[in-house]
Amino acid sequence: MLFHIHSGDIFFSAAGILTLAVIAGFLLPEGKYDLARRVIRTFFLLSVPLGALGTVPVPPGLAFALVGVWVVHAALGFGRRSRRGAVLSGSVLLLLVVASAAPEIAWRLRQPPELAPPPTVFVFGDSLSSGGFGESRTWVDHLDGSGGTKFINLSMPSDTTGFVLRSRIGELEDGCRACGVVIELGGNEMVGNGSAREYEHNLRKLIAQSREHGAERVWLVELPPLPGRWSWPAAQRRVARDTGCIAVPRRVLASVLVDEANTFDGLHLTDRGHQRLAGLMHVWLGLAASEATPVHREGPVRRNH
């Protein structure tokens, strides 16, 4: 259930419940099956709150329109007030559901690009990538050397986009010749009530400066957002679309974090969690499938500061 929520899959479940409830309301004869109508109406009323738990970044205008028509149909669609009004409101509502779900479906149908990884990949991240919480190797360490690619971990606990811009973006100067950059940042800003607008501004600047230093490819790791924080996934997706970054879908991190065996405290990764995340990331980073589980090396290869 946690994965269903944090991956955003619950949005589609809610859309399905809403659609079935509207259609069932159309099919029931007037003046009959009052108990069935009440049950269907209950599911209908649950659909939008359940969908909101998925924190899918539906455009605000579309979201407000959908909720408004949903309220109207809740009043007209399951009683005896206006059959014509119920059909009209239900039809409009179904169109709005399709309009809301279509962009999300298209986004989720994206596949990892079939591109050879660059010779060197730098990782900017927070505690999910830096480690230092009792594990022996981070997911970055697990991938180092896979497919002939060297991974350099510049992550630090509590890191933010603003801090990386101020203090460590310059570390790309010497080693980033046709390199790649992975950005796994934003969790601390979101949990700490930071501004999504400032985060988006910093993210764009971080990507631009990475490319100025020689980065040819940039990956942006999508965060499983907190419920109600629609502005954060919306910001990440705008940046990915506008800058041509490769967006690693939120289901990747979500599938790791919801498994208790993968974290110490629901957030910081265990050895199992780091290995699991590495196995998922290698596909999106373009590493060969045969290198999904790299040969163990003695000691971590990492640059934490």
Side-chain angles (χ1 to χ4, degrees), residues 1-15 47-64 66-67 100-110 124-129 155 157-164 182-204 206-207 218-243 245-260 262-263 265-269 273 277 280-281 284:
M1 178 56 72
L2 284 175
F3 176 75
H4 203 58
I5 293 172
H6 291 301
S7 66
D9 288 349
I10 196 170
F11 174 81
F12 294 103
S13 298
S47 62
V48 167
L50 285 174
L53 288 176
T55 321
V56 169
V58 177
L62 186 56
F64 284 125
L66 192 151
V67 172
S100 301
E104 186 67 15
I105 292 172
W107 183 261
R108 286 167 177 252
L109 289 177
R110 295 171 302 116
F124 290 116
D126 50 30
S127 55
L128 276 173
S129 300
S155 307
S158 303
D159 244 352
T160 64
T161 51
F163 190 78
V164 169
V182 176
I183 301 174
E184 180 274 302
L185 292 167
N188 291 308
E189 286 134 299
M190 180 169 58
V191 174
N193 294 317
S195 164
R197 181 176 295 180
E198 182 180 2
Y199 168 69
E200 181 175 350
H201 172 77
N202 288 342
L203 204 53
R204 291 179 186 275
L206 180 56
I207 292 166
V218 179
W219 290 268
L220 179 59
V221 181
E222 281 193 286
L223 305 173
L226 297 174
R229 305 300 293 273
W230 290 280
S231 56
W232 293 84
Q236 285 195 304
R237 292 188 184 185
R238 278 195 301 271
V239 171
R241 282 191 293 260
D242 294 348
T243 62
C245 290
I246 301 170
V248 180
R250 60 192 277 190
R251 65 178 181 270
V252 170
L253 269 184
S255 66
V256 176
L257 295 177
V258 298
D259 188 336
E260 292 182 358
N262 289 338
T263 68
D265 51 9
L267 182 60
H268 298 107
L269 300 180
L277 183 54
L280 295 171
M281 286 292 293
W284 287 91

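Values reported hereafter were calculated over all heavy atoms of this structure, with side chains retained and with hydrogens, waters and symmetry mates removed. Since this is a predicted model, take the numbers as computed values, not measurements.
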Chi angles and distances behind the side chain to side chain contact (heavy atoms under 4.5 Å, CB included) call for Leu257, His6: CA-CA 9 Å; Leu257 295 177; His6 291 301; over 6 Å; no

Could you go through Leu220 and Leu203, starting from their C-alpha distance and side-chain angles, then the distance that decides it, and tell me whether this counts as side chain to side chain contact (heavy atoms under 4.5 Å, CB included)? CA-CA 9 Å; Leu220 179 59; Leu203 204 53; 4.0 Å; yes

Any chance you could lay out the side chain to side chain contact (heavy atoms under 4.5 Å, CB included) test for Leu185 and Leu206, step after step, and finish with the verdict? CA-CA 11 Å; Leu185 292 167; Leu206 180 56; 4.0 Å; yes

Decide side chain to side chain contact (heavy atoms under 4.5 Å, CB included) for Phe11 and Ser100; before the verdict, give the C-alpha distance in whole Å, the side-chain angles of both, and the deciding distance to 0.1 Å. CA-CA 10 Å; Phe11 174 81; Ser100 301; 4.2 Å; yes

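Glu189 and Thr161 share a donor-acceptor pair across their side chains, judged by distance under 3.5 Å alone.
Trp230 is not listed as a side-chain neighbour of Pro60, based on a closest heavy-atom distance of 4.5 Å or more. Residues Phe12 and Ile105 have side chains in contact (heavy-atom distance under 4.5 Å, counting atoms from C-beta outward). At a threshold of 4.5 Å between non-hydrogen side-chain atoms, the residues Thr55 and Leu226 do not count as touching. In this structure, Leu66 and Val48 have side chains that are in contact, with non-hydrogen atoms separated by less than 4.5 Å. Using a 4.5 Å heavy-atom threshold, the side chains of Ser231 and Tyr199 count as separate. Contact annotation: the side chain of Thr243 never approaches that of Val218 to less than 4.5 Å [non-hydrogen atoms, C-beta and beyond]. Residues Met281 and Val221 meet the side-chain proximity criterion, which asks for heavy atoms closer than 4.5 Å. By the 4.5 Å heavy-atom criterion applied to side chains, Ile183 and Gln236 are not counted as neighbours.
No donor-acceptor pair closer than 3.5 Å links the side chain of Arg204 to the backbone N or O of His201.
When all heavy atoms of Ala196 and Trp232 are compared, the closest pair comes out as N-CZ2, 3.7 Å. Shown here for His4 and Ser13, the closest heavy-atom pair between the two residues is NE2-OG, 2.7 Å. The two residues Pro225 and Arg250 make their nearest non-hydrogen contact at CD-NH2, 3.4 Å. The two residues Pro249 and Arg110 make their nearest non-hydrogen contact at CB-NH2, 4.0 Å. Residues Ser255 and Leu280 come closest through the heavy atom pair OG-CD1, 3.4 Å. Of all heavy-atom pairs between Ala247 and Trp107, the closest is CB-CZ2, 3.8 Å.
Note: His268 NE2 to Leu128 CG = 7.0 Å, rounded to the nearest 0.5 Å. Between the CG atom of Asn262 and the CG atom of Leu267 there is a distance of 12.5 Å, given to the nearest 0.5 Å. Distance CG/Asp126 to OG/Ser158: 8.0 Å, rounded to 0.5 Å. One finds the CZ atom of Arg238 at 4.0 Å from the CD atom of Glu200 (value rounded to the nearest 0.5 Å).
Shown here are the side-chain contact (heavy atoms from CB on, under 4.5 Å) partners of Ser195, two or more places apart in sequence or in another chain: Arg197, Glu198.
Under the salt bridge (charged side-chain N to carboxylate O under 4.0 Å, His left out) criterion, no residue pair touches residues 51-63, with sequence neighbours excluded.
A salt bridge links Glu222 with Arg237; the closest basic N to acidic carboxylate O contact falls under 4.0 Å.
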